[in-house]
Amino acid sequence: MSNQAPNEARVIPLRPAAAPGPAPARTDAPARAPQLRPRPVLTPRQAQPAPAPAPAPANREPLWRDLVGDVLRRERLAQERTLKDVADAARISMPYLSELERGRKEASSEVLAAAARALGLGLTDLLSLAQDELTRLAQVRPGRSRATSAPRYDGMCLAA
């Protein structure tokens, strides 16, 4: 059992007192020096190195969301409009529009149409510009060539 009074709280200091003289002796608690554990010091050998990012494949196909986002941002900046202005006109949130422009989100056709309308474009205009960008990137990027027997179509194909 404790030798402490029943209605008194016992105070345990977190840090030892840095008083130059001897500390006054307490009569209500047993005298005990606090034990401090030394912190381990990590040397460079013990530190965990950050994992190196995986190298991106050289012939990586561009993502559609990246292409559409690039077109949205390019059109917005060409009109010298802010994210807030376009987001308000499209009735979507500004952070969501920012994520669309950065290619972080896959937008529905309704959201893409609203963003395109806010920029004075139609949905077909937006998708056509994205297709043009995809075609340009495919021509610049060396990679697999198309089979010569397959016909080439310059039209746009949308799949739901």
Side-chain angles (χ1 to χ4, degrees), residues 7-19 34-160:
N7 291 332
E8 291 184 26
R10 184 172 141 195
V11 178
I12 300 173
L14 297 177
R15 293 188 181 128
Q35 296 179 356
L36 299 176
R37 285 189 238 156
R39 285 189 173 177
V41 177
L42 292 177
T43 63
R45 285 185 182 174
Q46 293 172 334
Q48 294 291 330
N59 292 334
R60 186 176 151 248
E61 291 285 331
L63 297 176
W64 185 250
R65 67 177 184 236
D66 291 331
L67 297 170
V68 171
D70 289 343
V71 170
L72 287 172
R73 176 163 287 172
R74 189 172 48 240
E75 289 297 316
R76 178 179 62 81
L77 294 175
Q79 296 176 15
E80 297 180 355
R81 294 175 67 186
T82 63
L83 269 171
K84 181 170 179 23
D85 179 36
V86 175
D88 289 345
R91 299 178 57 94
I92 58 178
S93 73
M94 191 173 62
Y96 188 69
L97 179 59
S98 174
E99 288 182 326
L100 288 179
E101 287 186 352
R102 291 180 289 134
R104 304 282 186 223
K105 296 287 183 183
E106 293 273 357
S108 67
S109 58
E110 291 87 1
V111 170
L112 288 178
R117 272 194 311 271
L119 292 168
L121 301 171
L123 182 58
T124 56
D125 299 326
L126 176 67
L127 298 179
S128 178
L129 290 169
Q131 182 204 11
D132 293 345
E133 183 69 14
L134 179 61
T135 304
R136 185 187 66 78
L137 289 174
Q139 290 172 353
V140 170
R141 186 175 65 91
R144 300 182 307 210
S145 62
R146 234 182 231 207
T148 56
S149 62
R152 181 167 182 328
Y153 295 102
D154 288 329
M156 183 178 5
C157 178
L158 296 178

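Computed from a predicted model, the values in this text were never measured in an experiment. Heavy-atom basis, side chains included; hydrogens, waters and symmetry copies ignored.
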Side chain [X], main chain [Y], donor-acceptor under 3.5 Å:
X    : Y    : value
T135 : Q131 : yes
R81  : A118 : yes
R65  : K105 : no

How many angstroms lie between [atom1] in [X] and [atom2] in [Y], if you round to the nearest 0.5 Å?
X    : Y   : atom1 : atom2 : result
L72  : L83 : CG    : CG    : 10.5 Å
E106 : L63 : CD    : CG    : 7.5 Å
R104 : D66 : CZ    : CG    : 8.0 Å

Please report the shortest heavy-atom distance between A130 and W64, naming the atom on each side.
->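 Of all heavy-atom pairs spanning A130 and W64, the closest is CB-CH2, 3.6 Å.
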
Taking all non-hydrogen atoms of both residues into account, name the closest pair between A87 and L97 and its distance.
->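 Looking at all heavy atoms of both residues, the closest pair is N-CD2, 3.7 Å.
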
Around atom CZ of R102, are there more than 12 heavy atoms of other residues, nucleotides or ligands at under 6.0 Å?
-> yes

Is the count of non-hydrogen atoms from other residues, nucleotides or ligands lying under 6.0 Å from R91 atom CZ greater than 12?
-> no

With a 4.5 Å heavy-atom cut-off, do [X] and [Y] have their side chains touching?
X    : Y    : result
E75  : L126 : no
V86  : L119 : yes
L137 : L67  : yes

Let me know which of L123, L129, D125, T124 forms a side-chain contact (heavy atoms from CB on, under 4.5 Å) with L127.
->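 Exactly one pass, corresponding to L123.
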
Salt-bridged, D88 to K84, with N to O below 4.0 Å?
->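 A salt bridge is present here (some side-chain N lies under 4.0 Å from a carboxylate O).
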
